[in-house]
Amino acid sequence: MARPRKTLLLASALVYLFLYIPLAVVVVFSFNDSRLNAEWVGFTWKWYDQLFSNPQMLQAARNSLIIALAAALLSGVLGCLAGIALHRFRQKWLSALVLGPVAMPDILIGVSLLLTFMLFNIGLGSISIILAHVSFCIGFVALAVQARMSGMDDSLLEAARDLGASPWQSFRLITLPLLLPGVIAGMMMAFTLSIDDFVVTFFTAGVGSATLPLEIYSMVKIAVTPEVNAVSTLLMLLTLVLITVLSRFSPQSLRS
Amino acid sequence: MLEIIDVSRRYGEYLALRDVNLRVHAGEFFTLLGPSGCGKTTLLRSIAGFDHPDSGDILLDGKSLLHLPPEKRPVHTVFQSYALFPHMTVADNIAFPLRMAKLDKTEIARRVEEVLEDVRLPDKARHYPQALSGGQRQRIAIARALVNRPRLLLLDEPLSALDAKLREQMQIELINLQKDIGITFVYVTHDQGEALALSHRIAVMNQGEISQIDEPAQLYNCPGNRFVADFIGQCNILDGTVIESHSDRVDVELDGLGRISLSAHIPANLHSGERCALTLRPEKIRLAKQLEANDAELHFRGQVHDTLYMGDVTIYIVELGEGVKVEALLANSAPGRARLFDPGDTVEIAWHADAGHLVR
Amino acid sequence: MHHRLSKVLLALPPAAYLVVFFAVPSLLMLLASFRYPGEYGGLAPWYYIDDGQLSLDLTTENWLRLVESTIYLGLLLKSLGFALLTTLICALMAYPLALTIARSPKRHRDLLLLLVILPFWSNFLVRIYAWMIIFSPQGALSEGLNAVTGLLGLEPVNLMFSSTAVIVCLVYVHLPFMILPLYANLEKHDPALLDAAQDLGANARQRFWKITWPLSLPGIYAGGVLVFIPSLGIFAIPDLLGGTNGIMIGNVIKQQFVEARDWPFGSVLSLVLTAITLMLVAIAGRFGRPKGTANG
């Protein structure tokens, strides 16, 4: 195969720099002993200390975690069913329903759910955020499960039946264990999407249910402070850990 | 023991099986042979229970199988893809049917060990299927299907994924295995060489119908129709017209070759004027620069049109005039020679009057 | 039938959930676009029952407001322009990188890809925030730039709160969406095609424009849709980086729902955005389909 040429390599290196410099700036300034994110003054843990003594921030972190866990579990179950159904059913309306929220811009899901919750007097809070997150996470889990389903040799199920397993037994002993990596990968994906989500949460959150992204948003709206750098750095660290765990379960799911 | 009675199966417009009738004897190695789309796999799947005939019946030891779901049939299948469960070890794969049958643990362990010995892979019990070679997977798939002693073993092109060398070795193993355990095998393949080598009897299928059921040698030497003659092995098919049919012999006018008279291998009830064909295997034809006349043989002169060097033999395509060509082959017994005749050479060919087989 | 029933039971829970939390909200939004706004925000009732007589109280005036005002149409056009520009820049930046990864040795590809995805997994707001630091007037970038403009005797430049800042950040946030499908496409190209082209006398430039480029178009279309659709609907980036010049349609939708509390008009704008999205998905479905085996 032809080796990439020099100009191509240079261009690629520049794109990688473009991807990483902003994040590096955030991390570096989170340890900078100055209120201004402008020049390096000295090393400090001060912003992290401040962060961990900020009750609002801690509450937001707790909210984020609970919401993401709940959304991952609920969309894991519903998405698994949807993935199997998509594979077996092959109905247009079903895939439109499941994948629609994946394709739509977040803002549309956010405002339409805001409208619905208000019209039906459903109070905005953690519950409404979870319900909203699940609606777009189902599609991602379903896609992961469907990919596993279509990668599965149909003769495996026939072999199980042939060797004496009932339909339910072959589902439990063959289909489910083989789908599990897909379901777990999908749920991890749902967890990250939920904990990362800003737009849908922005429209469906109520008083006291602010998540980390919302908290960051309101802080940033007022002023750029190194405390935000510290939260951001911690969030990056968390994502890194999640990805490492995720890649253990299925290296392919990272690419999809 | 296995009886297929008037089985038909239609997928929309497409008729996959048309009034199929056959009977497999206990302990037999029976093969369904045919090109892809001939219905052999549909028939196999109907026996296993994955497909349901529209009409007809499938009996095992006199009892109908049709109302039973696949898991209730005393019939196991070796799948083309092997279908080994990737999340289970070899031992768990083999134990699967025993667990489904709710055997107790010690009995399961004993049987698994035993069958692994039978397929000569006793040290692979803890491996996962992905870690095995193609031939080993094949043996595990067979072991899994045999472990709880089905009445009937169905094999769906089980050797097609293996390379040629390994396939030959597995063929010998299959024959020996079947002889040892005495379970009836129904084997599906599109490979005529494999079918001839393995089977006690072969059913040749074409377009959803059974073309001929016979023993391998009979099938090869006395094909019942053009399709079987053409499908199995190399064959010269010489078209002709029946001139006169007698009780013990028939006179045929072969197109471009003239009149011949045959006294053996004649289909029943031929009548004058009917089109027919003489099927003739290339190895039955003698070929030389000059052949001494012999009353028992039919004699022709022709010109070598083309040669195909095959290593052990060379195939000569000889034109006998008016576009009639026959294939003959000669062993390359002369040292250092790739062929004995060149295109354009005039040669004489001959075959025994009864070497050919007349079909409709 | 047993089989059919089990299928329905499988599909029912997720389907019911998504009907309630996706289909119904979408329809409610459609209905809302024809209703009057409520007195204190929200929506006015859309029907009255007078003496047992049902009368509807719907209007097309929200839609007329969109068509009649040049402000909103202009904003929509500007947003489309921003999204298009973002898509083009993304394609331009993604191509060399995707090509490099696709042509590097197999054992390096996973790592190189992971390096593309990693920043994309960090929080969306963090990624915007990073650019707020970079573009800030006290930042090294601004100071360096303004030192140059100062020497040249030009007005100082403010990077923060500008359309430039919005576009740069849009590109930054959406770049992986272009790189990944493009890579997936390029990686499938049969290297023998390029060898064959070379064998038949094509030079490096011709090989690229005659072979690689046309085969990679489905990848570009796929990536284009993945970049264009979310770029068009975004509101957080212009909100934080755009100031008054950089606002997009998403900001107006947010404003109608959260600040002005004019839900009917907000619904109209949302529906226009939905319609554009659906159109793009349909077009992409037609063009993005693989024609041969190598360009899937």
In terms of heavy-atom proximity below 4.5 Å to chain C, should [X] be classed as side chain, backbone, both, or neither?
X        : value
A:Leu115 : both
A:Leu119 : side chain
A:Leu131 : both
A:Phe171 : neither
A:Phe18  : both
A:Ala24  : neither
A:Phe136 : neither
A:Leu86  : neither
A:Val77  : neither

Around atom NZ of C:Lys106, are there more than 12 heavy atoms from other residues, nucleotides or ligands closer than 6.0 Å?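 No - once you tally the heavy atoms of other residues, nucleotides and ligands closer than 6.0 Å, there are 12 at most.
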With a 4.5 angstrom heavy-atom cut-off, which part of [X] approaches chain A: side chain, backbone, both or neither?
X        : result
C:Leu125 : side chain
C:Ala32  : side chain
C:Thr277 : side chain
C:Phe235 : side chain
C:Met93  : both
C:Val168 : both

What pair of heavy atoms forms the shortest contact from [X] to [Y], and how long is it?
X        : Y        : value
C:Pro230 : C:His174 : CB-NE2, 3.6 Å
A:Asn229 : A:Val26  : ND2-O, 3.2 Å
A:Leu23  : C:Tyr172 : CG-OH, 3.4 Å
A:Thr204 : A:Gly110 : CG2-O, 4.4 Å

Between C:Phe208 and C:Tyr95, how do the two ring planes meet: parallel, tilted or perpendicular, split at 30° and 60°?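 If you compare the ring of C:Phe208 with that of C:Tyr95, the planes turn out perpendicular.
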